[in-house]
There are 2 protein chains.
Amino acid sequence: MARTDFTRMRCPVARSMAVLGERWAILVLREAFYGAKRFEEFERNLGIAPNILSARLRSLVEHGMLDRVPVGGGGRGAAEGEGSGRGGGRHEYRLTEKGRDFFPAYLALKRWSDRWMTDAAGPVVVLVDRETGAEVTAPVPSRPDGTPLGPEDVRVLPGPGASPAMRRRFLLLAADAELGEAMDDGR
Amino acid sequence: MARTDFTRMRCPVARSMAVLGERWAILVLREAFYGAKRFEEFERNLGIAPNILSARLRSLVEHGMLDRVPVGGGGRGAAEGEGSGRGGGRHEYRLTEKGRDFFPAYLALKRWSDRWMTDAAGPVVVLVDRETGAEVTAPVPSRPDGTPLGPEDVRVLPGPGASPAMRRRFLLLAADAELGEAMDDGR
DNA sequence: CGGTATCCCATTTGATACTG
DNA sequence: CAGTATCAAATGGGATACCG
């Protein structure tokens, strides 16, 4: 009756949902992508209760997407003593490589959201390349010739990590598919 | 004390989390992308309790990502009478355009998951182009010259849908950023 | 500022039984 | 098969008070 532990599922995407499958996680990441580092920034920008922000940050740290680094000796000026003087906080939340690598997925989600979940006016936020000023949006999967690829253009095969059981399931599915479609397979 | 209504947030991504910010939603979509249509397929492939599958499917239908179409008169043979003869179920869940358009985002998530949430062996599932047999993976956002773009290469600007308040916030942030960068504090 | 500790409610999730 | 109904447990989420 306890919740199924998604981290134990074989499917990597399912595992991801253990971290990301909850309303705030991706928004916290969004803030990180947009430059937030300190607790209070996240709190203010998100309008989230501190206790739950705390929990979310902890979860992201646990899953290796953020690092919680003590601050005070960050770069330059003050050594660390200024508990109350100025320069403030105790920690900073920094994207790890794993966290940064989620950016493309975030962009893809943003693209979809901007397209389908927006009302009228258009995207609230636009991202542009710092260097070139060009708008940055997620590229769409497509063939070399430019045709976009949808779910129906794709065939699902067991990968290297598939269990024997899965392989069997796939064989059955494949057989089904061949029955259903004439038989012009590409592989 | 009621949960904040994510559908009311201005940020489209936040709105998306109203549907997708829960552990099963994306996995249900995954199954749809991989060809599942019938209740039982989802149920079996996911190992999910029927009541919760029911709830998830309903939510996806409500949010316009799936269509629930009565089956029996689908394409050809039987009009609709065959309640038990063969061809089985009562309904089919079909991806809407909105649902299909989520595929790129799913792919991007899968790419990340395969990279970071997998253990050893590698991806459990591989997608290949039906036509060409080429592996299909999410393309990464990058400059025309091929350099990949990360969160730090990007500048956040208010878009057409931004409220005046947001615009002000952005101005402040921009000012901050300029200060910070001028001082070159290695962040 | 940067959180943690409490208290409490709303949902999600699960297991399972039940119906057309 | 395709769900819905019921019931119980666990978690997420929110408000707020509190501490270094």
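Treat the numbers as computed from the prediction; the structure is a model and nothing was measured. Sequence lines set the chain letters: A, B, ... in the order given, protein chains first and strands last, and positions in each chain run from 1.
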**Report entry** Sequence-distant partners of A/V124, side chain to side chain contact (heavy atoms under 4.5 Å, CB included), two or more places apart
**Finding:**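 Checked A/V124 against side chain to side chain contact (heavy atoms under 4.5 Å, CB included); matches are B/P12, B/A162, B/M166.
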
Query raised in the report: What pairs with A/E92 under salt bridge (Lys or Arg N to Asp or Glu O under 4.0 Å), at least two apart in sequence or on another chain?
Result: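 Testing A/E92 for salt bridge (Lys or Arg N to Asp or Glu O under 4.0 Å), a comparison that skips the adjacent residues, returns A/R94.
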
Who passes side-chain hydrogen bond (donor to acceptor under 3.5 Å, both in side chains) against [X], sequence neighbours left out?
X: B/S113; result: A/S16
X: A/D153; result: none
X: B/E152; result: A/R100
X: A/D5; result: A/T7, A/R8

Report summary line: Among the nucleotides D/dC1, C/dG3, C/dC1, whichever has the atom closest to the side chain of B/R38 is D/dC1

Query raised in the report: C/dT12, D/dG3, C/dG3: which one has an atom nearest the side-chain heavy atoms of A/R3?
Result: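 Among C/dT12, D/dG3, C/dG3, the one nearest the side chain of A/R3 is C/dT12.
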
Report task. Would you jot down, in residue-number order, the residues of residues 49-58 of chain B having a non-hydrogen atom under 4.0 Å from DNA chain D? Result ->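 Result for residues 49-58 of chain B: B/P50, B/N51, B/S54, B/R58, sorted by number.
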
**Report entry** DNA chain C contacts among residues 23-31 of chain A, heavy-atom distance under 4.0 Å
**Finding:** none

Query raised in the report: For B/E22 and A/Y93, take the nucleotide of DNA chain C holding the closest heavy atom to each; which residue's nucleotide lies nearer the 5' end?
Result: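 Result: A/Y93.
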
Donor-acceptor contacts under 3.5 Å from residues 57-68 of chain A side chains, at least two apart:
from: A/H63; atom 1: ND1; to: A/S59; atom 2: O; distance (Å): 3.0
from: A/R68; atom 1: NE; to: A/Y93; atom 2: OH; distance (Å): 3.3

